[in-house]
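For reference, the structure discussed in these notes is given below.
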Amino acid sequence: MLRVGITGGIGSGKSTIATIFEILGIPVYYADDAAKKLMNEDVFLKEQLIDAFGKEIYQNGILNRSCLSGLVFNNPEKLAQLNDIVHPATIADAEYWMQQQHSVYVIKEAAILFESGANKYLDKVIGVFAPLELRISRVMQRDNSTQEAVIARMNKQMEEEKKMKLCDYVIINNGQELVIPQVLKIHEAFLKQAAG
Ligand code: ATP
């Protein structure tokens with residue numbers, strides 16, 4: 001079974017594209033959602049987070065995300081520590097999930113795929129590319145946030161051009177190119193690859 005990653009910067013449209021693959025019947029693992037769930041439910045992960053950041057990050061067993069974000073936002077060392085705890089747990093959870101799937105190929109959607117080292121566990125990676133201005137306006141609209149807040153989040157991620165160069169396939173989601181034909185072309189390539 002082929003293991004495929006989908007990545008791209010904030011607002012590039014990777015979740016939207018992943019949903020199209022899901023409509024085609026391909027199982028999709030959404031790494032951000034899974035990480036959020038694990039931080040609330042995985043006992044070992046919770047213990048590690050409490051050891052690193054203090055028990056006040058949980059309230060009645062539920063992660064207080066704004067408290068944790070506040071602790072790591074302008075602290076690269078603390079952010080790296082958080083990633084070192086959460087990424088291996090999410091990678092292991094995705095591995096376990098993939099083993100349960102029965103499909104020609106499966107997809108893992110993740111914003112930080114190369115940065116977290118998750119690409120090492122994948123056979124192919126699809127990048128979703130959209131121009132910066134469009135990404136900013138899409139996220140401002142989706143999250144009802146300011147331009148400054150969106151840009152601050154983007155600045156913490158790997159440069160988009162650099163990320164796309166590392167991908168095996170790139171889907172252009174610029175509001176002009178049709179995305180469904182691009183998805184179908186890649187889908188068919190994977191089906192062919194799996195058959196041959
Ligand atoms: P994040 O990393 O922040 O989770 P993302 O890369 O997963 O972002 P999406 O949430 O898929 O991006 O897309 C961002 C916003 O842009 C969403 O509101 C989505 O509906 C919209 N969007 C994405 N692609 C398109 C498109 N081709 N046409 C219209 N709207 C789109």
Side-chain angles (χ1 to χ4, degrees), residues 1-41 86-87 89-116 118-145 150 153-154 157-158 160-161 163-196:
M1 188 175 67
L2 212 58
R3 293 154 176 244
V4 178
I6 290 189
T7 194
I10 297 168
S12 58
K14 57 193 171 300
S15 308
T16 307
I17 302 289
T19 310
I20 303 174
F21 281 96
E22 227 178 343
I23 293 167
L24 294 171
I26 302 306
V28 178
Y29 181 92
Y30 293 90
D32 283 2
D33 296 343
K36 282 178 195 156
K37 193 165 182 278
L38 287 170
M39 285 193 270
N40 277 322
E41 294 176 5
V86 177
H87 288 159
T90 312
I91 289 171
D93 186 64
E95 282 298 304
Y96 179 73
W97 175 87
M98 285 180 188
Q99 284 163 19
Q100 316 298 309
Q101 304 308 311
H102 303 283
S103 178
V104 172
Y105 70 97
V106 291
I107 286 184
K108 176 179 178 179
E109 184 258 22
I112 40 174
L113 218 156
F114 297 108
E115 298 92 325
S116 69
N119 60 306
K120 286 184 289 208
Y121 305 95
L122 298 165
D123 301 304
K124 298 282 175 199
V125 178
I126 302 168
V128 179
F129 182 82
L132 188 66
E133 300 73 38
L134 186 57
R135 290 170 54 209
I136 294 171
S137 68
R138 280 175 176 163
V139 176
M140 282 172 66
Q141 203 166 5
R142 186 194 60 189
D143 298 349
N144 198 15
S145 52
V150 177
R153 278 165 61 200
M154 285 175 172
Q157 293 192 337
M158 189 190 274
E160 210 52 8
E161 275 80 7
K163 190 179 277 181
M164 291 302 123
K165 281 196 185 122
L166 297 170
C167 295
D168 302 288
Y169 303 86
V170 175
I171 290 178
I172 307 289
N173 186 25
N174 60 2
Q176 285 166 351
E177 314 274 329
L178 293 174
V179 288
I180 293 176
Q182 298 181 69
V183 170
L184 288 175
K185 198 172 165 192
I186 295 172
H187 175 68
E188 276 152 25
F190 290 152
L191 294 185
K192 208 183 246 180
Q193 209 167 316

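Counting from 1, the numbers follow the sequence of the chain as shown.
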Legend entry - Selection residues 10-29 - residue pairs positive for ring pair (Phe, Tyr, Trp, His ring centres under 6.0 Å), sequence neighbours left out: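 Found Tyr29-Trp97.
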
Can you list the residues that meet the salt bridge (charged side-chain N to carboxylate O under 4.0 Å, His left out) rule with [X], with sequence neighbours excluded?
X: Glu95; result: Arg3
X: Lys108; result: none
X: Lys37; result: Glu41
X: Asp143; result: Arg153

Check whether any side-chain heavy atom of [X] lies under 4.5 Å from a side-chain heavy atom of [Y], and answer yes or no.
X: Val28; Y: Ile6; result: no
X: Ile126; Y: Ile171; result: yes
X: His87; Y: Ile112; result: yes
X: Gln182; Y: Ile172; result: yes

Inset, instruction - Check step by step if side chain to side chain contact (heavy atoms under 4.5 Å, CB included) holds for Leu24 and Val183. - result: CA-CA 10 Å; Leu24 294 171; Val183 170; 3.9 Å; yes

Those residues that, when tested against [X], pass side-chain hydrogen bond (donor to acceptor under 3.5 Å, both in side chains) (two or more places apart):
X: Ser116; result: none
X: Tyr169; result: none
X: Glu22; result: Tyr30

Inset, instruction - Quick one: list whatever passes side chain to side chain contact (heavy atoms under 4.5 Å, CB included) with Gln176, sequence neighbours left out. - result: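 Gln176 satisfies side chain to side chain contact (heavy atoms under 4.5 Å, CB included) with Asn174 once adjacent residues are dropped.
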
Legend entry - Sidechain-backbone polar pair: Glu160 side chain, Leu132 backbone, donor-acceptor under 3.5 Å: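 No, because the side chain of Glu160 does not come within donor-acceptor range (under 3.5 Å) of the backbone of Leu132.
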
Inset, instruction - With sequence neighbours excluded, give me every side-chain hydrogen bond (donor to acceptor under 3.5 Å, both in side chains) pair touching residues 5-14. - result: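 As it turns out, there is no side-chain hydrogen bond (donor to acceptor under 3.5 Å, both in side chains) pair with a partner in residues 5-14 once direct neighbours are skipped.
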
Inset, instruction - Return each pair, listed once, that meets salt bridge (Lys or Arg N to Asp or Glu O under 4.0 Å) where at least one residue sits in residues 124-136; pairs must be two or more places apart or across chains. - result: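 As it turns out, there is no salt bridge (Lys or Arg N to Asp or Glu O under 4.0 Å) pair with a partner in residues 124-136 once direct neighbours are skipped.
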
First locate atom [atom1] of [X], then atom [atom2] of [Y], and finally report the distance between them rounded to the nearest 0.5 Å.
X: Ile180; Y: Ile20; atom1: CD1; atom2: CD1; value: 5.0 Å
X: Asn119; Y: Lys163; atom1: CG; atom2: NZ; value: 11.0 Å
X: Thr90; Y: Met39; atom1: OG1; atom2: CE; value: 7.0 Å
X: Asn173; Y: Leu178; atom1: CG; atom2: CG; value: 11.0 Å
X: Thr16; Y: Arg138; atom1: OG1; atom2: CZ; value: 7.5 Å

Inset, instruction - Using the side chain to side chain contact (heavy atoms under 4.5 Å, CB included) rule, take Ile186 and Val4 through it: C-alpha gap first, then chi angles, then the decisive distance, then the call. - result: CA-CA 11 Å; Ile186 295 172; Val4 178; over 6 Å; no

Mind listing the closest non-hydrogen atom pair of [X] and [Y] along with its distance?
X: Val128; Y: Gly13; value: CG1-C, 4.0 Å
X: Val106; Y: Ser103; value: CG1-CB, 4.4 Å
X: Val104; Y: Leu191; value: CG1-CD2, 4.0 Å

Inset, instruction - Check whether more than 12 heavy atoms from other residues, nucleotides or ligands sit under 6.0 Å from atom CD of Gln141, and answer yes or no. - result: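 Not more than 12 within 6.0 Å, no.
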
Legend entry - ring-ring contact (aromatic ring centres under 6.0 Å, His included) partners of His187, counting only residues at least two apart: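 Partners of His187 under the ring-ring contact (aromatic ring centres under 6.0 Å, His included) test: Tyr105.
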
Inset, instruction - Decide yes or no on side chain to side chain contact (heavy atoms under 4.5 Å, CB included) for Phe190 and Ile26, but give the supporting numbers first. - result: CA-CA 11 Å; Phe190 290 152; Ile26 302 306; over 6 Å; no

Inset, instruction - Would you check, one step at a time, whether the test side chain to side chain contact (heavy atoms under 4.5 Å, CB included) holds for Lys120 with Ile91? - result: CA-CA 10 Å; Lys120 286 184 289 208; Ile91 289 171; over 6 Å; no

